[in-house]
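What you are looking at is a predicted structure, and each value in this text was computed from that prediction instead of being measured.
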Amino acid sequence: MNNFLFITGSDKSSGPNKQLLNLLISLSNNKNLIINLYICNLVNKNEISILDEFKKINNMKVYYKKGGRENYLLRIKRSISNLLSLIRKNNYEIIQTSGLIPDLCIYIIKKFMKLKFKWVCFARSQIKFEYKIRFKPLIWGKTLSFIHAFLINKCDLLICVSNSVAKQIKKINTHTRIMHNSLTLKDERRIRYINIKENQKQNYVKGDVYSFIYVGHFDYLKNPIEIIEFWSKKKSKNLNLKLIGKYQCTKYFKKMISEVNLFKNINIYDYKDKIIREYFESDIYISASRTEGFPNTIIEALCCGCICILSDIPPHREIKKLFSNYVFLFKLNSYKSLDSIINKVCKKIPHIKRSEIMRDSIKYFSSKNLAPRYINILQTTFQS
């Protein structure tokens, strides 16, 4: 197996695409592999595009179509035609998809064309839960999640970023493997550089003013308003909260801004590319997410030495099992639960070495063995 085609729905600079980028960089170091990437659709704004990063990867060709926006049916038709031509020309052994349109295109090609390749589907989110919220009306979200789950279960191998994602969508007769997200190679270099350059504190000091950080989308699924509302009730001068994400023209974001402006110890910032330094300047990462796949921000925070206070949802429980001494869970929609956990963490924090959190987390999430792990999953699945 040395001829690969990877397909992604767009070039948007999202968590799933950053993880795909990381995998492709790792695989590209093996000169025996032939790697192509097909992008179904390009975003309109360069500032949210990761296309240039994909194009910088050595030993890899990137295929995409320039031009204006298309409706979904035209995009699917065009993608199927382009992919069919690519597959026939290059005789790929492995085709990996991630996303509704890529999954649909390869399902149609594999179903109706007599082409020999193994279809690997990479699932990075809990679609059955997320689609119901992201796509309105509710019946439309349920229908899309049903269709996507059906498509995913027709692949030859399903790789999921967490057990909770796998449990939502897999069927008994589907080959399924778990492959957690990794710290990106770029961020790992930044972390090591900052840690060496600056003399980071090795221990927390009891009685300090603690800095909390939230990084993520400002929307209902990621639920930052619950954290803000807690701060507004807690009114503690020793707890500072920094929220970082993309500014949006939505009712949810406007409500956030209106509440944040009332308090001096809560600040909100537009997302910065150099987010790693923000983690180093913080003590505790906090998330009240309603759903996750396997969150990149928590990986980044742990690898920078932050203690994590997270909502009690299945993916966060998986992280808690990996790092029980550094991760603490609270019940959603419970002021009492979150207050109890924050008080508990503030008592424990002087006894936890930041350097140990970094060491243990980087050891687990490092991308150094990413390519061998991926190839091993393919080999053990398809050669057994």
Side-chain angles (χ1 to χ4, degrees), residues 15 19 124-126 129-130 133 160-165 167-168 178 180-183 187 204 210-231 233-234 236 239-245 256 266 275-276 278-280 282-349 352 354 356-358 360-362 364-365:
Q19 287 297 322
R124 299 187 182 276
S125 62
Q126 299 189 56
F129 184 88
E130 291 189 20
I133 296 172
C160 296
V161 291
S162 65
N163 282 299
S164 54
V165 169
K167 287 176 181 177
Q168 270 217 350
I178 306 300
H180 289 152
N181 285 341
S182 299
L183 182 66
D187 285 342
Y204 296 99
Y210 294 119
S211 300
F212 287 70
I213 186 171
Y214 164 90
V215 180
H217 295 297
F218 295 141
D219 61 21
Y220 176 82
L221 286 175
K222 301 305 179 183
N223 196 28
I225 281 182
E226 181 167 340
I227 303 171
I228 294 169
E229 289 177 345
F230 172 84
W231 247 254
K233 295 176 183 177
K234 180 78 171 174
S236 173
L239 306 178
N240 292 328
L241 174 64
K242 181 185 292 183
L243 302 110
I244 302 175
M256 280 183 58
I266 308 177
I275 194 69
I276 296 302
E278 298 292 344
Y279 292 117
F280 271 101
S282 305
D283 303 309
I284 299 165
Y285 176 87
I286 187 166
S287 169
S289 283
R290 291 185 166 90
T291 181
E292 291 285 358
F294 197 88
N296 296 327
T297 53
I298 296 173
I299 294 173
E300 295 162 359
L302 283 168
C303 290
C304 292
C306 293
I307 293 172
C308 292
I309 295 178
L310 313 173
S311 51
D312 190 3
I313 59 175
H316 289 166
R317 288 178 210 139
E318 288 186 49
I319 299 173
K320 170 71 174 174
K321 286 181 181 179
L322 295 172
F323 303 99
S324 58
N325 293 328
Y326 315 139
V327 175
F328 300 84
L329 305 180
F330 69 93
K331 294 179 181 178
L332 279 170
N333 303 313
S334 173
Y335 175 92
K336 185 178 179 181
S337 176
L338 181 52
D339 188 46
S340 174
I341 291 299
I342 288 178
N343 291 334
K344 181 180 179 180
V345 168
C346 288
K347 289 178 182 177
K348 280 182 170 284
I349 218 171
I352 300 174
R354 187 172 190 133
E356 288 183 3
I357 303 176
M358 291 180 62
D360 295 346
S361 303
I362 292 174
Y364 186 85
F365 290 118

>> Checking side-chain contact (heavy atoms from CB on, under 4.5 Å) between I307 and each of D283, I357, V327, which is the one that passes?
In response: I357
> Do T291 and I133 have side-chain heavy atoms sitting under 4.5 Å apart?
Replying inline: no
> Any side-chain heavy atom of P295 sitting closer than 4.5 Å to one from L310?
Replying inline: no
>> Donor-acceptor check, side chain of Y285 to backbone of V215, threshold 3.5 angstrom: yes or no?
In response: yes
> Is there a donor-acceptor pair under 3.5 Å between the side chain of S337 and the backbone N or O of F330?
Replying inline: no
> Quick one: ring pair (Phe, Tyr, Trp, His ring centres under 6.0 Å) partners of F129, sequence neighbours excluded?
Replying inline: none
> Within the side chain of R290, is there an N or O that forms a donor-acceptor pair under 3.5 Å with the backbone of Y220?
Replying inline: yes
>> Considering only residues two or more places apart or on different chains, which pairs with a residue in residues 314-343 satisfy salt bridge (Lys or Arg N to Asp or Glu O under 4.0 Å)?
In response: K234-D339, D312-R317
> Does N181 use its side chain to pair, donor to acceptor, with the backbone of F294 at less than 3.5 Å?
Replying inline: yes
> From K233 NZ over to L338 CG, what is the distance, rounded to the nearest 0.5 angstrom?
Replying inline: 10.5 Å
>> Less than 6.0 angstrom separating the ring centers of F323 and F365, yes or no?
In response: yes
>> To the nearest 0.5 Å, what is the distance between NZ on K167 and CD on Q126?
In response: 10.5 Å
> Rounded to the nearest 0.5 Å, how far apart are CD1 of I227 and CD1 of I266?
Replying inline: 10.0 Å
>> For the OH atom on Y335, are there more than 12 heavy atoms of other groups (residues, nucleotides or ligands in this structure) within a distance under 6.0 Å?
In response: yes
>> Contact between Y279 and T297 at the side-chain level, heavy atoms closer than 4.5 Å - yes or no?
In response: yes
> When the ring planes of W231 and F212 are compared, do they come out parallel, tilted or perpendicular, using 30° and 60° as the limits?
Replying inline: perpendicular
>> Does D187 form a side chain to side chain contact (heavy atoms under 4.5 Å, CB included) with N296? I'd like the steps, not just the answer.
In response: CA-CA 11 Å; D187 285 342; N296 296 327; over 6 Å; no
> Just wondering, do H316 and S289 contact through their side chains at under 4.5 Å, heavy atoms?
Replying inline: yes
> Between Y210 and I342, does a side chain to side chain contact (heavy atoms under 4.5 Å, CB included) hold up when you go through it step by step?
Replying inline: CA-CA 10 Å; Y210 294 119; I342 288 178; over 6 Å; no
> How would you list all residue pairs meeting salt bridge (Lys or Arg N to Asp or Glu O under 4.0 Å) that involve residues 216-226, not counting sequence neighbours?
Replying inline: R134-D219, K222-E292
